[in-house]
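Following: one structure in structure tokens, then a few remarks.
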Amino acid sequence: MVKTTHEEKMRTARFKPDVKPHIVVDGQKCGECSLKSCVYVCPANLFVPLADGSILFNYEQCFECGACYVACNEEGAISWSYPAGGFGVTFREA
Amino acid sequence: MTTALTTRKKDYDAIVVGAGPAGAGAALLMARAGMRVLLLERGEYPGAKNVSGAAFYGSSILHEVIPNFWEEAPVERILTKRTLAFMSPESSLSVDFQTKSFAAPPYNGFTIMRPRFDRWFAGKAVEAGATLVSSTVVDDLLYDGANRDRVVGVKTRRDDGDVTADLVIACDGVNSFLAKKAGMQKTFTSHEISLGVKEVIGLDQTVLEDRFRLTGDEGAVAEYVGDITAEVHGGGFLYTNKDSLAIGVICQLSSLAEHKQRPYELLERFKAHPSVAPLVRGGKPREYSAHLVPEAGLHMMPKLFRDGMMVAGDAAAFCFATGLYIEGINYAMQSGFAAAEAAILAHQAKDFSSASLARYEDRLDARHVLPDFKNFKSAPGYVNSERMANLYPALITRGAEQLFRVDGHGKKKIMAIARQTLKDNDVSTLNLIKDLYAGGKAFGW
């Protein structure tokens, strides 16, 4: 078995965070969302639901896949673009 | 925007956005034809943002453009062995195909690592005369005409970042913000898109070759269907690189959200399956990655061209994900080449109108891209249906278990086992016939 925890997986990826977040989440819309799909689909586990119904998120370890905004069912709750050129994730063996 | 942009000499003949297999392929052919080509890439280098299994099938396609490319390209292994496995939580039944005929040039396929291969391929476009600028995001298009009629360039996220061209080819990947901005692609729904997560796991080369019974540079790919991803619609894959394995799961986004499953936990579940765990045992995790897969084929294809612009690769949903086949790189390359062929004719005729660029579709037909997607248009929906994704693979393994179990209760004949298995699992004869017919229609005729 080569079991790896999510933290161990994330440590094998290389990120160079842009200073400006490339993901913006509209907390008010998240509060009204009962599904919170982003929490489950994100391969980097960047979306954490809080007790008050809002979402805590981090953009720095993002694979830039787009799963969150595609899965999001609240129109416009997740604004998503790419980090600036040369920033973000850099794969070496993918 | 004024008409001055149309009449003024453009910075480039063509701008290609995205230096993956579609973009680099398009840039290569256009540069060879003497066009002034700018190839833009948002990653630190081409391939830095790209993830696949990665099996690159159909190497004869690239061989036609770069003869004997395998002698210089960073390929991992020559694919001669293919396995399809049906899984239940504790069992698996697999079909192995192996042939020496795939071990001879021009080969049938290779495993590759995208950050290495794509970088090499983009380098070939540069050798041919294309200008590659990495670390550059394209945020929008430049238009000409009162109603943004014609695309005349791109807006990059750099100071003075507007660049003009007669033609823009968007090869900007599955998310293709450019196709959406140009009004050519709709917003995706989460049942059209799957998420792939994968780990590259280092393994001693001799151990790997012994474990997968590989000779020399030969390699194996295995696709897994059924209970890999629990009730989530999806599958698994395991590919052999030179001294590592690429193992991953692909999950339909809507299904992940519906069942509240995490993709990386499903990957661990797959790695722990009794038929998979011994294959990855003792390996050293080297890189975890994730990427979206446009899985709905023809149903999510954008408008492929408009005045001054074409769309190719994943951006045009040229990803052939039908369960039996999971191919993207070959179709991306073919579509890039097809776009380049249309672009070269447009350049010669000095006509970049949508009527002129309609030749792109002819070239996609000639290169068998659109015909393949049309022929198999019902396959993605079929393999992602509830019974195909989970129930039937479970039935197959349960049936096999009964067939091979020896417990002193007497042997049953195959049809008796089949009938009992279907009955135990509440599969009606009508549904079975419907599914067999749909499967035949998707893959058989």
Side-chain angles (χ1 to χ4, degrees), chain A residues 1-16 18 20 22-23 33-49 61-76 78-94, chain B residues 41-45 47-52 54 113-116 134-137 139 156-158 174-175 177 188-190 193 195 197-201 241 244 246 251 253-254 256-257 259-265 267-268 271-272 277 280-292:
Chain A
M1 267 298 280
V2 196
K3 200 171 159 37
T4 44
T5 63
H6 187 256
E7 289 68 29
E8 285 163 344
K9 284 186 180 63
M10 294 307 292
R11 274 203 292 275
T12 63
R14 195 172 66 154
F15 300 96
K16 187 172 146 191
D18 192 358
K20 194 175 158 235
H22 64 284
I23 308 173
C33 169
S34 59
L35 297 177
K36 307 268 193 285
S37 298
C38 55
V39 172
Y40 303 100
V41 300
C42 176
N45 193 21
L46 298 180
F47 296 84
V48 180
Q61 291 198 305
C62 173
F63 288 116
E64 300 153 42
C65 70
C68 55
Y69 83 87
V70 176
C72 178
N73 69 315
E74 295 290 324
E75 190 82 27
I78 299 178
S79 315
W80 201 92
S81 62
Y82 290 126
F87 287 90
V89 70
T90 294
F91 295 116
R92 289 157 294 182
E93 301 194 297
Chain B
E41 165 58 44
R42 71 184 185 88
E44 233 176 275
Y45 47 81
K49 305 285 187 184
N50 301 354
V51 182
S52 301
M113 288 183 180
R114 298 292 301 277
R116 296 174 189 175
S134 294
S135 298
T136 303
V137 179
D139 279 327
T156 70
R157 202 183 300 168
R158 283 178 176 270
V174 51
N175 284 298
F177 294 118
F188 300 132
T189 62
S190 55
I193 300 267
L195 171 71
V197 292
K198 121 175 166 176
E199 264 183 306
V200 170
I201 295 177
N241 295 324
S244 65
C251 311
L253 272 188
S254 53
L256 268 179
H259 297 290
K260 301 194 183 306
Q261 294 285 330
R262 316 271 184 154
Y264 40 91
E265 285 168 6
L267 174 57
E268 285 308 302
K271 283 163 66 186
V280 296
R281 187 176 54 215
K284 187 176 174 296
R286 295 218 302 231
E287 189 172 63
Y288 171 60
S289 54
H291 208 271
L292 292 186

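Naming: A, B, ... by sequence-line order, numbering from 1 per chain.
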- Go through the atoms of B/R157 and report whether side chain, backbone, both or neither lie under 4.5 Å from a heavy atom of chain A. side chain
- Note on the structure: Shortest non-hydrogen pair, A/A94 vs B/P115, comes out as O-CD, 3.0 Å
- Query: Roughly how far apart are A/R14 CZ and B/E287 CD, rounded to 0.5 Å?
  - Reply: 9.0 Å
- Message: Side chains of B/K271 and A/T4, heavy atoms from C-beta outward: is any pair under 4.5 Å?
- Response: yes
- Could you grab the distance from atom NZ of A/K9 to atom CD of B/E268, nearest 0.5 Å is fine? 3.0 Å
- Query: Under the side-chain hydrogen bond (donor to acceptor under 3.5 Å, both in side chains) test, which residues partner B/T189, sequence neighbours left out?
  - Reply: B/H191, B/E192
- Taking all atoms of both residues into account, what is the closest heavy-atom pair of B/M113 and A/E93, and its distance? CG-O, 3.6 Å
- Item | Nearest heavy-atom neighbours spanning A/A67 and B/L195 | CB-CD1, 4.3 Å
- Query: Nearest 0.5 Å, what's the CZ-NE2 distance between A/F91 and B/H291?
  - Reply: 7.5 Å
- Region of B/A246 in contact with chain A, defined by heavy-atom distances below 4.5 Å: neither
- Message: Would you say that B/Y288 contacts A/M10 through its side chain, given a criterion of any heavy-atom pair below 4.5 Å between the two side chains?
- Response: yes
- Under 4.5 Å between any side-chain heavy atoms of B/P285 and A/V2, yes or no? yes
- Which atoms of B/S134 come close to chain A, meaning under 4.5 Å heavy atom to heavy atom: side chain ones, backbone ones, both, or neither? neither
- Any idea which heavy atoms bring A/P43 and B/Y264 closest together, and the distance? O-CD2, 3.3 Å
- Item | Part of B/L253 within contact of chain A (heavy atom distance under 4.5 Å) | both
- Message: Are B/V51 and A/F63 packed together at the side-chain level, in the sense that at least one heavy-atom pair is separated by less than 4.5 angstrom?
- Response: no
- Message: For a 4.5 angstrom cut-off between non-hydrogen side-chain atoms, does B/K49 reach A/V89?
- Response: yes
- By side-chain hydrogen bond (donor to acceptor under 3.5 Å, both in side chains) - contacts of B/E44 (at least two apart): A/T90
- A/A71 and B/S190 have their tightest heavy-atom pair at CA-CB, 4.1 Å
- Item | Note, B/R262 side chain near A/H6 side chain (heavy atom, < 4.5 Å) | no
- Task: Can you label the angle between the A/Y82 ring and the B/F177 ring as parallel, tilted or perpendicular, going by 30° and 60°?
- Result: perpendicular
- Message: Which atoms of A/C72 are under 4.5 Å from chain B, going by heavy atoms: the side chain, the backbone, both sets, or neither?
- Response: neither
- Segment of B/S254 engaging chain A (4.5 angstrom heavy-atom cut-off): neither
- Query: Relative to chain B, which segment of A/F87 carries a heavy atom at a distance below 4.5 Å: side chain, backbone, both, or neither?
  - Reply: backbone
- Tell me, for B/N50 versus chain A, whether the close heavy atoms (under 4.5 Å) come from the side chain, the backbone, both or neither. backbone
- Find the one option among B/L256, B/L292, B/I201 whose heavy-atom pairs under 4.5 Å with chain A are most numerous. B/L292
- Please say whether more than 12 non-hydrogen atoms of neighbouring residues, nucleotides or ligands are located less than 6.0 Å from NZ in B/K260. yes
